[in-house]
*Asks:* 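Below: one structure in C-alpha cells.
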Amino acid sequence: MSKIRGKQNKSTEVRLKMGFVRAGMAGFQLHPVTLPGRPDFYFRKGRLAIFVDGCFWHGCQKCGHIPKTNTSFWALKIERNVERDAKNMALLKRQRVKAVRFWEHQLQENLEACIRRVQRLLSPA
Ligand SMILES: [Zn+2]
C-alpha cells in the first residue's frame, strides 16, 4: 500500500515540476538537504520552499482517511508526520525561508492555481 501511495505522490511532484518548467520558472533545487524537512522544491532566489504533501501521509482533512486495520498504528504515524511538518515550518521561518505546502489533491485538481500562487510568492512585493 505504501508503495502505491508513494508513487502517486511522486507523479504529482513531477507534474508540478513540469508546470514550473512550462511557466519558465527555472532555478529551483530539488530536495535540498540543507533545509529543514527537505522541501520538494526550493527557489533559492525567492527563498521559497515548496512541499507536496501526500494526503494520506500528512493527514489531509479532505481526503485522508485512516485504514481500518492497524488503526492506531497509522493514526500515530500520521500524527507524527503532521507534528514534524509543523516543526519544520517553524524552523524554516526562523531561517527566513518562506514555505508553502500543497496537498496532493490540490495539485491534481488545479495545478495552474498552485503554480500561480508560487509565482505570486516569488514576485517581489
Ligand atoms: Zn487531500
Side-chain angles (χ1 to χ4, degrees):
M1 177 164 56
S2 63
K3 209 171 178 183
I4 296 164
R5 289 182 200 277
K7 208 185 246 173
Q8 193 184 7
N9 194 28
K10 193 81 213 158
S11 72
T12 314
E13 208 182 295
V14 170
R15 281 186 62 211
L16 183 58
K17 184 179 162 188
M18 297 310 284
F20 287 149
V21 172
R22 262 202 316 274
M25 298 156 74
F28 53 80
Q29 290 174 274
L30 297 172
H31 309 282
V33 285
T34 47
L35 288 177
R38 291 189 69 200
D40 294 300
F41 299 91
Y42 180 58
F43 287 89
R44 196 198 289 261
K45 230 175 150 184
R47 295 182 75 80
L48 178 66
I50 294 158
F51 292 89
V52 177
D53 288 344
C55 290
F56 174 76
W57 291 109
H58 298 264
C60 170
Q61 300 288 329
K62 193 182 164 196
C63 22
H65 58 272
I66 295 169
K68 287 185 180 69
T69 52
N70 285 328
T71 305
S72 55
F73 167 79
W74 291 111
L76 187 67
K77 209 169 170 61
I78 292 165
E79 199 185 299
R80 290 234 176 95
N81 283 341
V82 173
E83 272 170 24
R84 195 181 313 126
D85 292 343
K87 203 175 121 198
N88 286 328
M89 291 301 265
L91 288 171
L92 287 165
K93 199 175 171 187
R94 213 178 297 163
Q95 295 186 21
R96 285 180 295 117
V97 171
K98 282 181 282 184
V100 59
R101 311 192 78 95
F102 291 118
W103 290 111
E104 206 177 333
H105 77 251
Q106 286 181 295
L107 293 171
Q108 276 159 5
E109 283 164 14
N110 199 341
L111 183 70
E112 300 308 315
C114 297
I115 289 170
R116 277 197 302 274
R117 189 164 156 211
V118 172
Q119 278 174 326
R120 273 198 305 275
L121 287 165
L122 285 173
S123 62

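Starting from 1, each residue takes its place in the sequence as its number. Since the model is a prediction, treat every value here as computed from it, not as a measurement.
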*Asks:* Out of curiosity, Arg80 CZ to Trp57 CH2, how far, rounded to the nearest 0.5 Å?
*Replies:*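 One gets 13.0 Å once the value is rounded to the nearest 0.5 Å.
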*Asks:* Within the structure provided, determine whether Phe56 and Pro67 are in side-chain contact (heavy-atom separation under 4.5 Å).
*Replies:* yes
*Asks:* Any donor-acceptor pair under 3.5 Å linking the side chain of Arg47 with the backbone of Arg96?
*Replies:* yes
*Asks:* For the backbone of Val52 and the side chain of Asp40, can you confirm whether one donor and one acceptor N or O come within less than 3.5 Å of each other?
*Replies:* yes
*Asks:* What distance separates Asp85 CG from Asp53 CG, expressed to the nearest 0.5 Å?
*Replies:*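 So the gap between those two atoms works out to 5.0 Å.
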*Asks:* Does Gln61 CD have over 12 foreign heavy atoms under 6.0 Å away?
*Replies:* no
*Asks:* How many angstroms lie between CD in Glu104 and CZ in Arg15, if you round to the nearest 0.5 Å?
*Replies:* 10.5 Å
*Asks:* Any side-chain to backbone donor/acceptor pair from Gln29 onto Tyr42? Under 3.5 Å, distance only.
*Replies:*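 The answer is no, because no donor-acceptor pair under 3.5 Å joins these two groups.
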*Asks:* With clusters defined by side-chain heavy atoms of hydrophobic residues (ILVMFWY) lying less than 4.5 Å apart, directly or transitively, does Met89 cluster with Leu91?
*Replies:* no
*Asks:* Hey, could you give me the CH2/NE2 distance between Trp74 and His65, rounded to the nearest 0.5 Å?
*Replies:*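 Rounded to the nearest 0.5 Å, the CH2-NE2 separation comes to 10.5 Å.
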*Asks:* Is the count of non-hydrogen atoms from other residues, nucleotides or ligands lying under 6.0 Å from Lys87 atom NZ greater than 12?
*Replies:* no
*Asks:* In Å and rounded to the nearest 0.5 Å, what is the CZ to CG distance from Arg44 to Leu35?
*Replies:* 9.0 Å
*Asks:* What about Ile50 and Leu92, same hydrophobic cluster or not, with Ile/Leu/Val/Met/Phe/Trp/Tyr joined at side-chain heavy-atom distances under 4.5 Å?
*Replies:*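 No, because Ile50 and Leu92 fall into different hydrophobic clusters, even though each may have its own neighbours under 4.5 Å.
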*Asks:* Taking Lys45 for the side chain and Gly27 for the main chain, is one N or O donor matched with an acceptor at less than 3.5 Å?
*Replies:* no
*Asks:* Measuring from atom NE2 of His105 to atom SG of Cys55, what distance do you get when rounded to the nearest 0.5 angstrom?
*Replies:*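 Output value for this atom pair is 5.5 Å.
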*Asks:* My understanding is that only one of Val118, Leu16, Val100, Leu48 makes a side chain to side chain contact (heavy atoms under 4.5 Å, CB included) with Phe41; could you say which?
*Replies:* Leu16
*Asks:* Identify the two heavy atoms, one from Glu112 and one from Arg22, that lie closest to each other, and give their separation to 0.1 Å.
*Replies:*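 For Glu112 versus Arg22, the nearest heavy atoms are OE2-NH2, 4.1 Å.
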*Asks:* Check whether Leu111 and Phe28 end up in the same hydrophobic cluster, where Ile, Leu, Val, Met, Phe, Trp and Tyr are linked by side-chain heavy atoms less than 4.5 Å apart.
*Replies:* yes
*Asks:* For a 4.5 angstrom cut-off between non-hydrogen side-chain atoms, does Pro36 reach Gln95?
*Replies:* yes
*Asks:* Would Ile115 and Trp103 show up in the same hydrophobic cluster when neighbours are defined by side-chain heavy atoms closer than 4.5 Å?
*Replies:*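 Cluster IDs for Ile115 and Trp103 differ.
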*Asks:* Same cluster or not: are Phe51 and Met18 linked, directly or through other Ile, Leu, Val, Met, Phe, Trp or Tyr residues, by side-chain heavy atoms under 4.5 angstrom apart?
*Replies:*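 No, Phe51 and Met18 fall in different hydrophobic clusters.
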